[in-house]
Amino acid sequence: QVQLVESGGGLVQAGGSLRLSCAASGRTFSNYAMGWFRQAPGKEREFVGAISGRGGGTLYSNSVKGRFTISRENDKNTVFLQMNSLKPEDTAVYYCASRRATYAVNSRLDYPYWGQGTQVTVSS
C-alpha cells in the first residue's frame, strides 16, 4: 500500500507561484510513475501532469504546459509540482497519485493510489 501526502497549497495572487510537494511511503519509489490532478468545485477531476519513475519522461495538460513543471527526488520519495504564472482558473484542490509502472500516463483511472489533496486558490 502506498500512502501519499501533499503539501504546499495556499492562497496566491494571479501571476504568482507555488510549489506543491507530495511525499510517498514505501520502498522503490522509482518503480512508481507519479501524476498530479486537480478538481475545481462542480467540475470533474482533471489531469495536470505526470512524471515517469526515473524522471526522464513528463506529460502535461495543454492548460498548464509552459507554466507548470513536475520533478521528483527519488532518494527522498518526493514529487514536486512547480506552478508559475498562476491564473484564477488554476484554483482547485490538487491531488498527487501514483501507479506501479515506470512510464507516465494521463488517465486518472490508471492511478490506484491518491493523496488527500491540497487547496490552491489564485485570486485575481
Contact check, side chains of Arg67 and Tyr60, non-hydrogen atoms, under 4.5 Å: no
Intermediate values then yes/no, side chain to side chain contact (heavy atoms under 4.5 Å, CB included), Phe47 and Leu59: CA-CA 10 Å; Phe47 173 74; Leu59 297 172; 3.9 Å; yes
Partners meeting ring pair (Phe, Tyr, Trp, His ring centres under 6.0 Å) with Tyr111 (sequence neighbours left out): Phe37
Qualifying residue, where the test is side chain to side chain contact (heavy atoms under 4.5 Å, CB included) with Met83 and the options are Val122, Val48, Thr69, Leu20: Leu20
Applying the side chain to side chain contact (heavy atoms under 4.5 Å, CB included) criterion to Phe68, which one of Asn84, Leu86, Thr58 satisfies it? Leu86
Within this structure, what is the CD-CD1 distance for the pair Gln82 and Ile70, rounded to the nearest 0.5 Å? 11.5 Å
Heavy-atom nearest pair, Ser98 first then Leu4, reads N-CD1, 3.8 Å
State which residues pass salt bridge (charged side-chain N to carboxylate O under 4.0 Å, His left out) with Glu46; sequence neighbours excluded, sorted by chain then number. Arg38
Output for pair (Arg99 CZ, Ser107 OG), nearest 0.5 Å, gives 9.0 Å
Please report the C-alpha distance between Phe29 and Met34 in whole Å, then the side-chain angles of each, then the deciding distance to 0.1 Å, and finally whether the side chain to side chain contact (heavy atoms under 4.5 Å, CB included) criterion is met. CA-CA 10 Å; Phe29 184 58; Met34 301 296 294; 3.8 Å; yes
Answer yes if Tyr95 and Val105 sit in the same cluster of Ile, Leu, Val, Met, Phe, Trp and Tyr residues linked by side chain heavy atoms under 4.5 Å apart, and no otherwise. yes
NZ (Lys87) and OG (Ser124) are apart, to the nearest 0.5 Å, by 14.0 Å
Under a single-linkage definition using a 4.5 Å side-chain heavy-atom cutoff for Ile, Leu, Val, Met, Phe, Trp and Tyr, are Leu81 and Trp114 assigned to the same hydrophobic cluster? no
Any donor-acceptor pair under 3.5 Å from Asn106 side chain to Ser61 backbone: no
Could you state whether Val64 and Val120 fall into the same hydrophobic cluster, counting links through intermediate Ile, Leu, Val, Met, Phe, Trp or Tyr residues with side-chain heavy atoms under 4.5 angstrom apart? yes
OH on Tyr94 to SG on Cys22, rounded to 0.5 Å: 15.0 Å
Side chain of Asp90, backbone of Ala14: donor and acceptor closer than 3.5 Å? no
Rounded to the nearest 0.5 Å, what separation is found between the CD1 atom of Ile51 and the OG1 atom of Thr102? 12.5 Å
For Gln3, I'd like to know if atom CD has over 12 heavy atoms of other residues, nucleotides or ligands within 6.0 Å. no
Side chain to side chain contact (heavy atoms under 4.5 Å, CB included), paired with Val79, selected from Glu73, Glu6, Arg72: Arg72
Apply side chain to side chain contact (heavy atoms under 4.5 Å, CB included) to Gln119 and Thr91, showing your working. CA-CA 8 Å; Gln119 176 71 47; Thr91 296; 4.0 Å; yes
For Gly26 and Asn77 the tightest heavy-atom approach is O-ND2, 2.8 Å
